[in-house]
A.B. asks: 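Dropping a structure here in structure tokens format, bear with me for questions.
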Amino acid sequence: MDTHTIEARGLGRSFGDQVVIENTSFTAQSGMAVALTSPSGSGKSTLLSMLGLLLTPTSGEVLVDGVSTKGVGDAQLAAMRSRTFGFIFQHTQLIGSLRAWENVAVPARFVKHPAFDPKERSQELLERFGLGERLYHYPHQLSVGQKRRIAAARALLLDPPILIADEPTNDLDAESAGSVTEMLFQHARQGGILLYASHDQALVGRADLVLRLTGRTFTA
């Protein structure tokens, strides 16, 4: 995997008159795991959305591999997201009409010539997450924890340089949480960047860099 960086410079976000985050800066590079921790509802998801180019900052900028994303058009941002990021959202956002393996394979639909067979890669990931017997199940046939593992597999499908995970072990039993956590940190050990939000202090403690909320600013 090539070397990559992501940098936040003076990042801030307001919703109307409410300032949620302000003046947050940090840099992460390949091989790093960065944890965000704060009380629930205080800005972790907002910061992850800005870092993943899903939400436009009110102030500051995000740089990916040294290139500023400030003022970049929607089409360019979408292209950058598809080739750079994998997302595990707080809510799994699976497609109800697709089977488990098809949900995992969705990111491959946005790649013109994937270097792998999407179905085979999806099945491999689901088996690693202990879901080999659930390949053809629809979301409504699965538990919350199983759906979360499917969402994790989907995020890893394209082996993205930067993986963003919002409370990735929520709703998981200890064994399932362990398998998801191991896969996430393996991604970083193999040269990716892992950015994650969690209230689980044991999980936070495994990060190379921990950003904690002080006032409205995340600082190391």
A.B. asks: Report yes or no: is the cationic atom of R206 (NZ for Lys, CZ for Arg) under 6.0 Å from the centre of the six-membered ring of F185, at an angle within 45° of the ring normal?
C.D. replies: yes
A.B. asks: Is there a path of hydrophobic side-chain contacts, each under 4.5 Å between heavy atoms, that joins F87 and M32?
C.D. replies: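 Yes, same cluster.
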A.B. asks: When rounded to the nearest 0.5 angstrom, what distance separates NE2 in H187 from CE in M183?
C.D. replies: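 It comes to 10.5 Å.
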A.B. asks: Honestly curious: do I88 and F85 fall in one hydrophobic cluster under the side-chain, below-4.5 Å linking rule?
C.D. replies: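 The answer is no; the residues belong to distinct hydrophobic clusters.
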A.B. asks: Checking side-chain polar atoms at under 3.5 Å, does Y136 have a donor or acceptor matched by the opposite partner on R99?
C.D. replies: no
A.B. asks: Let me confirm one number: the OG1-CG distance from T84 to L158, rounded to the nearest 0.5 Å.
C.D. replies: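 Rounded to the nearest 0.5 Å, the OG1-CG separation comes out at 11.0 Å.
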A.B. asks: To the nearest 0.5 Å, how far apart are CG in L135 and CH2 in W101?
C.D. replies: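 The CG atom of L135 sits 9.5 Å away from the CH2 atom of W101.
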A.B. asks: Is there a side-chain contact between T217 and I21, using heavy atoms and a 4.5 Å cut-off?
C.D. replies: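 When only atoms from C-beta onward are counted, I21 and T217 do not touch, as no gap falls below 4.5 Å.
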A.B. asks: Just how far is it from atom CG of D173 to atom OG of S143, taken to the nearest 0.5 Å?
C.D. replies: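 Here the rounded value is 8.5 Å.
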A.B. asks: Taking C-beta and beyond as the side chain, do S122 and L157 meet within less than 4.5 Å on heavy atoms?
C.D. replies: yes
A.B. asks: Evaluate whether atom CG of D74 has more than 12 neighbouring non-hydrogen atoms of other residues, nucleotides or ligands under 6.0 angstrom away.
C.D. replies: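 For D74, atom CG is not crowded (no more than 12 foreign heavy atoms under 6.0 Å).
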A.B. asks: Write down the atom of L211, the atom of A220, and the distance for their closest heavy-atom approach.
C.D. replies: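 Residues L211 and A220, closest heavy atoms: CD2-N, 3.7 Å.
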A.B. asks: Go through the steps to decide whether E133 and E127 satisfy the test side chain to side chain contact (heavy atoms under 4.5 Å, CB included), and finish with yes or no.
C.D. replies: CA-CA 8 Å; E133 297 180 354; E127 286 169 1; over 6 Å; no
A.B. asks: Does a sphere of radius 6.0 Å around CD in E175 hold more than 12 heavy atoms from other residues, nucleotides or ligands, not counting ones at 6.0 Å or beyond?
C.D. replies: no
A.B. asks: Show your reasoning for whether salt bridge (charged side-chain N to carboxylate O under 4.0 Å, His left out) applies to R154 and E102.
C.D. replies: CA-CA 9 Å; R154 179 183 59 192; E102 293 171 322; over 6 Å; no
A.B. asks: For a 4.5 angstrom cut-off between non-hydrogen side-chain atoms, does L47 reach L51?
C.D. replies: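 Of all side-chain heavy-atom pairs linking L51 with L47, at least one is under 4.5 Å.
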A.B. asks: If you round to the nearest 0.5 Å, how far is CZ of F218 from CG of L213?
C.D. replies: 4.5 Å
A.B. asks: Spell out, yes or no, whether L63 and V34 are grouped together once hydrophobic residues are joined by side-chain heavy atoms under 4.5 Å, including indirect joins.
C.D. replies: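 Per the 4.5 Å side-chain linkage, L63 and V34 are not co-clustered.
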A.B. asks: Are Q29 and H4 close enough, and set up right, to give a side-chain hydrogen bond (donor to acceptor under 3.5 Å, both in side chains), and what steps lead you there?
C.D. replies: CA-CA 6 Å; Q29 59 188 9; H4 295 273; over 6 Å; no
A.B. asks: Measuring only between side-chain heavy atoms, which start at C-beta, is Y196 closer than 4.5 Å to L48?
C.D. replies: no
A.B. asks: If I compare all heavy atoms of R149 with all of V180, which pair ends up nearest, and what's the gap?
C.D. replies: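 It is CG-CG2, 3.7 Å.
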A.B. asks: Give the C-alpha distance, both sets of side-chain angles, the deciding distance and a yes or no for side chain to side chain contact (heavy atoms under 4.5 Å, CB included) between R134 and L142.
C.D. replies: CA-CA 8 Å; R134 299 288 187 270; L142 301 166; 3.7 Å; yes
A.B. asks: Between R13 and S59, is there a donor-acceptor pair closer than 3.5 Å when you use the side chain of the first and the backbone of the second?
C.D. replies: no
A.B. asks: Is the shortest side-chain heavy-atom distance between L54 and F89 below 4.5 Å?
C.D. replies: yes
A.B. asks: Is there a donor-acceptor pair closer than 3.5 Å between any side-chain N or O of D65 and the backbone N or O of T5?
C.D. replies: yes
A.B. asks: Where do L125 and R121 land on the side chain to side chain contact (heavy atoms under 4.5 Å, CB included) test, with the steps shown first?
C.D. replies: CA-CA 6 Å; L125 286 166; R121 170 73 169 154; 3.9 Å; yes
A.B. asks: Using side-chain heavy atoms (C-beta onward) and a distance below 4.5 Å, is M80 in contact with V64?
C.D. replies: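 SC-SC contact between M80 and V64 confirmed.
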A.B. asks: What's the separation between atom CG in L194 and atom CG in L163, rounded to the nearest 0.5 Å?
C.D. replies: 5.5 Å
A.B. asks: Using modelled atom types and a 3.5 Å cut-off, is there a donor and acceptor pairing between side-chain atoms of T69 and backbone atoms of V62?
C.D. replies: yes
A.B. asks: Do F26 and L209 come close enough that some side-chain heavy atom pair is under 4.5 Å?
C.D. replies: yes
A.B. asks: Check this for me: F116, atom CZ, are more than 12 non-hydrogen atoms of other residues, nucleotides or ligands nearer than 6.0 Å?
C.D. replies: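 It does: F116 CZ has more than 12 such atoms within range.
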A.B. asks: Which heavy-atom pair separates L172 from G145 by the least distance, and what is that distance?
C.D. replies: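 Here L172 and G145 meet closest at CD2-O, 3.3 Å.
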A.B. asks: Contact between T92 and I150 at the side-chain level, heavy atoms closer than 4.5 Å - yes or no?
C.D. replies: no
A.B. asks: Before you tell me yes or no, could you show the steps for Y138 and I95 under side chain to side chain contact (heavy atoms under 4.5 Å, CB included), namely the whole-Å CA-CA distance, both residues' side-chain angles and the distance that decides it to 0.1 Å?
C.D. replies: CA-CA 9 Å; Y138 291 98; I95 300 172; over 6 Å; no
